[in-house]
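Step one of this worksheet: look at the structure below.
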Amino acid sequence: MRTWLPALFLALLLGAPLVGVAQTPSAGSTPAPARPPYVVEDIQVRGVEDAQTRQFVIQSSGLSTGQEITLPAGDAVGQAIRSIYDLRMFSDVAIHRAEQSGSNVTLIIDVTPEPTLAAYDLQGIDGGDREDLKKKIPLLRGSPVRPSDVERSKQIIKSFYEDEGYLRTEVDVERTTTQGNRVRLTFNVDRKEEIEVERIRFLGNEKFDDGDLRGAMDKTRENRWWRIWKGEKFKRDAYEKDLDRVIDHYREHGYYDAQIVQDSVYYMGDGGLGIDVTVREGNRYYVGDITWEGNSIYPDRVLSQQLGLSEGEVYNGKALDENLYGSGRQSGVLGLYMDRGYMRADVQPTVRVVGEDSLDITMDVREGEVYNFGDIEITGNTKTKDYVVRRELYTVPGDRFSRSAIQESIRRLNQLDYFSQESLSGGPDISVDQEKKEANVTYSVEEVGSDQLQLSGTFGQFGLVLQLGFQFNNFSAQNLFEGDAWRPLPSGDGQKLSVNVRTNGTFYQNYSLSFTEPWFGGSPTPVGGSVSYSKYTRSIFGGRRASRGIEGGRFQNASANLFVRQRLNWPDDKFMVGSRVGFQLYDNRGRDAQTGERRPLFTSVPYGTNQSVTFRQSLSRNSVDNPTFPRTGSRVSLSVEVAPPIGDLVQYHKWRFNSSWNVPIGDNFSFGMGTNFGYIGSITGEPVRFETFEVGGTPFDYQGATFGTDPVFMRGYPRGVIGPLNRGPG
């Protein structure tokens, strides 16, 4: 008794830590009276010299003078310690009671600061990896260095090299303490040898051989000598997904209860990696009865047709999931409901084994309530104006919710070619207001540069030709006279402006200008036009034309076009009809070097002045997902062009049919196929003098003059080698 009473008094006098232990009173004992609250008279901080830091610690603790607290271990004290720890600036935090006068107390917060980072270095790796890792490592010069930060940095380095195939990477950390409680870290990285997957074996498989199951894997492959362009690295996350793909392969072929019993990844004697996967295949099953419950909007027949499974066929678990929930651009059964506004609709399949080889499937449908579109927000468009984006959207506030409308909006935004595909591929953010039954949609876009500047020089038929061209795909003619809009040119209204100049001096000159307003009068009605002028003189040809015996002369061409197109709503809104009126003028003059007779400078156009007025009508449909690199969809167009025989105008009628189709193959590839048909005929029965088709060659073969011809490119054949033999008067 005499020994511990003085010690207790001394501890209270000097400031004992406020730590208490809760005790449960025994049965029959009287509960201890509630401790009276204390009032904080003053708060002091020890362990840091900087006055601002001390004040910051006090503010972060949540304690304040005049506050009532419970001692020795109240909630306010415990929360204060946790709040200071959360600053990640101190390795140790304690709060003591220093002085007490009645119910007034002075608190002392003792902190032990973490050392701050002077610098860190990465040893044993090359410069490229060093820069990549510094973007990932969460260490900043001047910031506190906690042990957890160092361990996390080590793990980031190991994971980085594991993804590169260095599975045995070791990382050691050297700490050097400098003046002022600062520390310098050196990460010594030893990648060891690169390890590749040398063998993948399957055990227990009888229905499919190892090659079939290895083929079901996407990222985990065996190393083979012919795969010289890449090594077969092992990535744990990809491997786990590939195991799921193996089971999907079984389920796709009717093995409903197939499962992976065991898998192991181990190092082989030659330093490679081996993988053993044990499977239990089970029986092959066939579809039995399909029953729908809870559906009132769509009848069983419509839902079963969308599901795509029929009684008696081999069960396909992969097709069941894709046709039920949707895959890629396929909407699935749920897509039917979501296109009708039932965005909370859900279908849960229950599969029951019947007999030895049949599966009965019961679909529990929860349709929910109809939702409408609420607020439609657009973020990330720093250049393109909101109204340019909104006019492409099919999601309109107040309209019934539709997933197809969202998908079509994304496709339309991709067609603009103003935003990165990555920012649109994930779809918009959707938040639901349950009370209003509205879906608020936010499209987050990322601007990309779609304008083009061309500076080039070519040497060919006309000598050295220099080209300067500008193509602005998001121009703003409305802001031409707004000084603040020139950054460097007015943009954001979605208009297209193209300016092009090609010349090699006084011998050859070409100028062209085109403009398109994609939404004329506030509707999807592109209107625009173009003008161009070209001039050639005899002098440029020099000796290259001596074999034809032509000297002197000139060639001039002037053209102008006006067009209008309009989007249709039938058969669907991907159709467009267009009209164009054009004018062409050719002045083609030269003379024979021997006889002095008049001869054309270019044989593709008759001698003298030739003019034509054309009227063109077109019908097209475009459903591709991206105009630059399409993966899905098609382009189809049919057009007829008529040059009426008025006076001396050139006469003909010309028909064109073009199509292209894109089919996705996997996640990164697509297969494309196209057709190109053309026909030209005479209106009066007289021969068509020019504007005929010329088949063969590539765009590089037509960098010179293409006047009076309609080139159809075909690789592997020289320019114009494929009919017609009579191309007009020479």
Side-chain angles (χ1 to χ4, degrees), residues 162-163 167 196-224 232-266 273-290 306-335 346-364 664-669:
E162 284 178 0
D163 289 342
L167 303 181
E196 297 181 342
V197 179
E198 297 294 338
R199 183 177 69 191
I200 303 176
R201 296 189 303 185
F202 289 88
L203 307 174
N205 54 310
E206 297 179 356
K207 308 302 182 183
F208 299 99
D209 59 28
D210 285 15
D212 293 332
L213 299 182
R214 283 194 294 263
M217 291 182 161
D218 183 33
K219 302 296 184 182
T220 311
R221 300 291 180 89
E222 287 183 336
N223 185 30
R224 290 293 182 264
E232 302 306 333
K233 303 177 180 66
F234 177 82
K235 299 181 180 180
R236 172 62 65 176
D237 293 343
Y239 169 66
E240 297 293 341
K241 294 179 181 179
D242 281 338
L243 292 181
D244 293 336
R245 289 187 177 94
V246 171
I247 297 302
D248 288 342
H249 179 77
Y250 273 103
R251 294 178 65 240
E252 189 176 357
H253 293 84
Y255 295 91
Y256 166 71
D257 48 9
Q259 57 183 296
I260 292 177
V261 179
Q262 182 181 356
D263 71 283
S264 59
V265 181
Y266 53 90
L273 206 65
I275 299 175
D276 289 346
V277 181
T278 303
V279 299
R280 181 181 295 126
E281 296 178 323
N283 297 328
R284 192 179 197 187
Y285 290 92
Y286 298 84
V287 177
D289 294 334
I290 301 177
Q306 188 73 11
L307 188 64
L309 298 181
S310 302
E311 183 179 351
E313 69 177 17
V314 175
Y315 172 78
N316 187 334
K318 182 178 179 181
L320 174 65
D321 292 341
E322 291 180 350
N323 296 338
L324 189 60
Y325 303 109
S327 174
R329 295 186 61 85
Q330 302 300 322
S331 59
V333 172
L334 282 181
D346 187 29
V347 181
Q348 292 296 328
T350 301
V351 180
R352 183 168 57 91
V353 177
V354 179
E356 296 183 355
D357 63 353
S358 294
L359 297 174
D360 286 350
I361 305 174
T362 301
M363 300 293 183
D364 184 12
I665 302 176
D667 296 331
N668 302 313
F669 299 94

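What you are looking at is a predicted structure, and each value in this text was computed from that prediction instead of being measured. Numbers here are sequence positions counted from 1.
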Go through it in stages, so that I can follow the logic: the residues are Y256 and Y315, the test is ring-ring contact (aromatic ring centres under 6.0 Å, His included), and I'd like the CA-CA distance, side-chain angles, deciding distance and then a yes or no. CA-CA 8 Å; Y256 166 71; Y315 172 78; 5.7 Å; yes

Minimum heavy-atom separation for [X] and [Y], please, with both atom names.
X    : Y    : answer
N283 : E356 : ND2-O, 3.8 Å
L309 : E313 : CA-OE2, 3.2 Å
D357 : R284 : CB-O, 3.6 Å
A216 : H249 : CB-CB, 3.9 Å
Y325 : P349 : OH-CD, 3.5 Å

Show me the donor-acceptor pairs within less than 3.5 Å that the side chains of residues 258-265 make with the rest of the protein, sequence neighbours left out.
{"unit_1": "D263", "atom_1": "OD2", "unit_2": "Y239", "atom_2": "OH", "d": "2.8"}

Between the main-chain N or O of [Y] and the side-chain N or O of [X], is there a donor-acceptor pair closer than 3.5 Å?
X    : Y    : value
N223 : E196 : no
E322 : A319 : no
D242 : T220 : yes

Sequence neighbours excluded, every pair satisfying side chain to side chain donor-acceptor pair (under 3.5 Å) that has a member inside residues 206-216: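 Only N205-D210 qualify under side chain to side chain donor-acceptor pair (under 3.5 Å).
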
Check the pair D163 / K233 against side chain to side chain contact (heavy atoms under 4.5 Å, CB included), numbers first and verdict last. CA-CA 7 Å; D163 289 342; K233 303 177 180 66; over 6 Å; no

In plain terms, say whether D248 and K318 are close enough for a salt bridge, that is, a side-chain N and a carboxylate O under 4.0 Å apart.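 So D248 does not pair with K318 through a salt bridge.
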
If the threshold is 4.0 Å, N to carboxylate O, is there a salt bridge linking R201 and D276?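 Counted as a salt bridge, because a side-chain N and a carboxylate O are separated by less than 4.0 Å.
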
Could you tell me whether Y250 and F208 have their ring centroids closer than 6.0 angstrom?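 Close enough - the centres of the two rings lie under 6.0 Å apart.
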
Determine whether V287 and I290 satisfy the following criterion, side chain to side chain contact (heavy atoms under 4.5 Å, CB included), listing intermediate values before the conclusion. CA-CA 8 Å; V287 177; I290 301 177; 3.9 Å; yes

